[in-house]
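Notes follow once the structure below has been shown.
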There are 2 protein chains.
Amino acid sequence: MYVTIIDIAKALGLSKSTVSRALSGEKGNVSPETARLVIETAERMGYKRNELAVHLRKRKTMTIGILVPELVTSFYSTFIAHAQQILRPKGYRTIVALSNEDIFWEKSNFDLLSDSRVDGILISTCNDKANVEQYSAFIQRNIPLVFFDRTIKGLDCSSVRSNDYKAAFFLMEHLIYKGRKRIAHLAGPDHIRNSADRFQAYIDTLSKHGIAYDPSLVLKEGTDRAGGATEVTFLLEHGIPFDAVFCFNEMQAIGAEEVLLRKGFRIPEDIAVASMYGTEVSTLVHPAVTSVEKPVARMAEEAVRLILRQIDAPLSPAEEVIIPSEMVIRESS
Amino acid sequence: MYVTIIDIAKALGLSKSTVSRALSGEKGNVSPETARLVIETAERMGYKRNELAVHLRKRKTMTIGILVPELVTSFYSTFIAHAQQILRPKGYRTIVALSNEDIFWEKSNFDLLSDSRVDGILISTCNDKANVEQYSAFIQRNIPLVFFDRTIKGLDCSSVRSNDYKAAFFLMEHLIYKGRKRIAHLAGPDHIRNSADRFQAYIDTLSKHGIAYDPSLVLKEGTDRAGGATEVTFLLEHGIPFDAVFCFNEMQAIGAEEVLLRKGFRIPEDIAVASMYGTEVSTLVHPAVTSVEKPVARMAEEAVRLILRQIDAPLSPAEEVIIPSEMVIRESS
DNA sequence: AACGATTGCGGGAACGGTTGCGGAAATAAA
DNA sequence: TTTATTTCCGCAACCGTTCCCGCAATCGTT
């Protein structure tokens, strides 16, 4: 099925060493004519180098694993596209695995990546408490690992993320400056660090501006479109007054907007809406959602830089990169 | 950095054959006690099997390559998620590569997959004329290849796609039954077969219903949101009358809707909008876009079935699977 | 002409597993 | 006890490369 260097060697009456050298473009140990001849016959015979054998021999796979919670949000797919764009010219390929927001899938797919002996792993975790020992063990064995976006506290490992606390703070202040006093928070799950950071920012902004914290304004029913809808419906049906909604992500915000509009509220006049984690989708709906956009390109750049550094210099110290994200004010606030 | 079976063998005073057999769970050739002992020490020493070596020896990588044009559209990411869900339990991993809608990237990434000796490739091509000899050669060498969604005519190779012609036909008839006579067609690029099929359906439906074909109603300015916007703007500015828009994909439809609403048209009263290739995004905008939704789950199932069959029985004849897609009528028509 | 340096190539041991074969020990059958 | 059959394990080849080492032929130098 496949031609090997031995086939070429036999065809030319050479040794496989020479063929290998000619094919890998090594200078000095093989005469130019022989090299040319070998390369030509290889081409003619349809030779394809068996990367498996090369990797086994060189003990390096030139592969980076990327483990993400999902691909539906364009954040991750864009991240992957950017990372590939940078890695490919450097000779690295990537292999993508999904955790589907499930810690068991995450573990299993992490194993899969590690089993295939990738040179490094870029991971965005689905739970900042789970699988921690596994990651420590990995780091201890000195295999390059870099967390991005959803990181884990306390690991001796490089990471890159945006400053969710600060961004949430600014987003909250934006709402407050618009005169909002009863801001509902559609929160994210507790097991994601970003979510906790945002909630903390929510609390802190309120207290900084002398607004009392009302727990009944904080809801955790789900981070998707349906979740946002249910949460707002809950507030309305229980007569809990609010004049703004601060969402964990944009799909929540969209769900919230839909319910509000259907019930006859005006956005942003009656109720303002703002969200973290915005992408182009935020601009599709009406009114377009004010959101904080994650600097996905820069995050990919940094993550790739960190993983490559760890590969080239395995003992370099961990680095924690924080990239500011940008607030885009749109019609909804 | 990594523990090998030889390390385990040395530690236990056994041969690597025995260790290998114990670890691979082979019955009968190794005593239960030895097996248990080996497995325990492997665990203790943190042994991870080197898949590379296994694959090299077994001449099989248990890996399926998936090559898609992009990941931004949720169609492809959903397809991948589904395919992985099915393949994983069967022991197959997947590696995802992007062509970025570019034939050179496609070629290069196809090579990459083939170089890494994947057991089969699932591909959605970005151009139905390009790289054809390469694919033929691949098929001739009897390496499993399955096209999905965007297929190429005339290759002796299994494929799965939805019936774009029929779906476009129904979508057009739907518009016609709604009394539309001047239907603009925001077409896709010529080099994608699906696009040609849809255009043909456009022509045929018109002729079936005795409506004259007007070339000035067919535009090809781009398949994204901006493209849709430009195209509709063009029609309006040149005073070309139309009462419906039939789009190649949903982002185009969204761009078109935005322009129409901004100019004061009512949808669907003044102008109806319908699109192929719809996803959840079609339901986010107002008015929600009537669209044909591709049966992504079924397509993934079939594609996986076909590639596995080709792997298990390399000589089985090519099969062309066509899965009907569903039209969802929404507010825009 | 004699001698070291360079060039071009082949031999063979890795890389980390799997697997067919053969043999010793243990067990079963005669 | 002898013979036949299992059971369990080791030996060594193999997958397709790379790369170190050694050797012969050619080259340049005095």
Side-chain angles (χ1 to χ4, degrees), chain A residues 1-39 41-42 45-63 91 93 112 114-119 141 143, chain B residues 1-39 41-42 45-63 91 114-119 141 143:
Chain A
M1 214 134 125
Y2 279 107
V3 180
T4 74
I5 52 168
I6 300 183
D7 298 328
I8 300 177
K10 271 189 196 144
L12 291 176
L14 288 169
S15 78
K16 57 179 181 160
S17 319
T18 309
V19 174
S20 167
R21 276 188 281 254
L23 253 24
S24 56
E26 193 178 312
K27 283 279 171 210
N29 272 330
V30 55
S31 81
E33 311 96 83
T34 321
R36 208 176 33 75
L37 183 65
V38 168
I39 291 169
T41 34
M45 295 174 69
Y47 170 75
K48 291 227 160 219
R49 185 163 98 153
N50 189 330
E51 307 277 352
L52 249 51
V54 178
H55 296 332
L56 176 61
R57 176 64 228 234
K58 293 204 169 175
R59 321 190 73 185
K60 190 157 186 228
T61 55
M62 296 303 285
T63 306
R93 74 187 54 166
L112 185 130
S114 125
D115 283 350
S116 39
R117 293 293 205 271
V118 291
D119 294 333
R141 276 195 287 148
I143 302 166
Chain B
M1 212 131 124
Y2 278 106
V3 179
T4 74
I5 51 167
I6 300 182
D7 298 329
I8 301 177
K10 272 189 195 143
L12 293 176
L14 288 169
S15 77
K16 59 175 184 169
S17 321
T18 308
V19 174
S20 166
R21 276 190 275 255
L23 253 24
S24 56
E26 192 177 313
K27 284 278 172 214
N29 272 328
V30 54
S31 81
E33 311 97 82
T34 322
R36 208 176 33 73
L37 184 64
V38 168
I39 290 170
T41 34
M45 295 173 71
Y47 170 76
K48 292 225 158 223
R49 186 162 97 152
N50 189 331
E51 307 279 352
L52 248 50
V54 179
H55 295 332
L56 178 60
R57 175 64 228 235
K58 294 202 170 177
R59 319 190 73 182
K60 189 153 188 236
T61 54
M62 296 303 286
T63 306
S114 129
D115 283 350
S116 37
R117 293 293 203 271
V118 291
D119 294 334
R141 277 197 285 148
I143 303 166

From the options C:dG11, D:dT17, D:dA13, select the nucleotide whose nearest atom is closest to the side chain of A:Ala53. D:dT17
Listed nucleotide nearest any side-chain atom of A:Arg57, set D:dG10, D:dT18, C:dG16: D:dT18
Charged N to carboxylate O below 4.0 Å: is that the case for B:Arg49 and A:Asp115? no
Output the single nucleotide from D:dC8, D:dC15, C:dG17 whose closest atom is nearest the side chain of B:Thr34. D:dC8
Interatomic distance, A:Arg49 CZ vs D:dG16 C1' [rounded to whole Å]: 11 Å
Within the distance-only criterion (no hydrogens, no angle test), does the side chain of A:Ser116 pair as donor or acceptor with the backbone N or O of A:Val118 below 3.5 angstrom? no
Sub-3.5 Å donor-acceptor pair from the side chain of B:Thr63 to the main-chain atoms of B:Thr61, do we have one? yes
With a 3.5 Å distance limit and no angle check, can you tell me whether B:Thr41 reaches the backbone of B:Leu37 through a side-chain donor-acceptor pair? yes
Give the rounded distance in Å between these two atoms: CG of A:Leu56 and C1' of D:dC15. 9 Å
Side chain of B:Thr18 (C-beta onward), nearest among C:dG16, D:dG10, D:dG16: D:dG10
Of the listed nucleotides C:dG8, C:dG16, D:dC8, the one nearest the side chain of A:Asn29: C:dG8
CG of B:Leu23 versus P of C:dG16: gap in Å, rounded? 15 Å
The test is side chain to side chain contact (heavy atoms under 4.5 Å, CB included); show your working for A:Arg117 and B:Tyr2 and say whether it passes. CA-CA 10 Å; A:Arg117 293 293 205 271; B:Tyr2 278 106; 3.5 Å; yes
Just the rounded figure in Å: distance from P of C:dG17 to CG of A:Leu52. 13 Å
Taking the side chain of B:Ser17 as its heavy atoms from C-beta onward, which of C:dC15, C:dT18, D:dA12 lies nearest to it? D:dA12
Between P on C:dC15 and CD on B:Glu51, what's the gap in Å once rounded to a whole number? 19 Å
Would you say A:Arg117 places a side-chain N or O within less than 4.0 Å of OP1 or OP2 belonging to C:dG16? no
Choose from D:dC8, D:dT17, C:dG16 the nucleotide whose nearest atom is closest to any side-chain atom of B:Ser31. D:dC8
DNA chain D: 5'-proximal contact among A:Arg21 and A:Tyr2 (nearest heavy atom): A:Tyr2
Measure distances between side-chain N and O atoms of B:Lys16 and base N and O atoms of C:dG17, and say whether any donor-acceptor pair falls under 3.5 Å. yes
If you check every side-chain atom of A:Leu14, which of D:dC9, C:dC9, C:dG17 has the closest atom? C:dC9
Think B:Thr4 has a side-chain N or O under 4.0 angstrom from the OP1 or OP2 of C:dG16? no
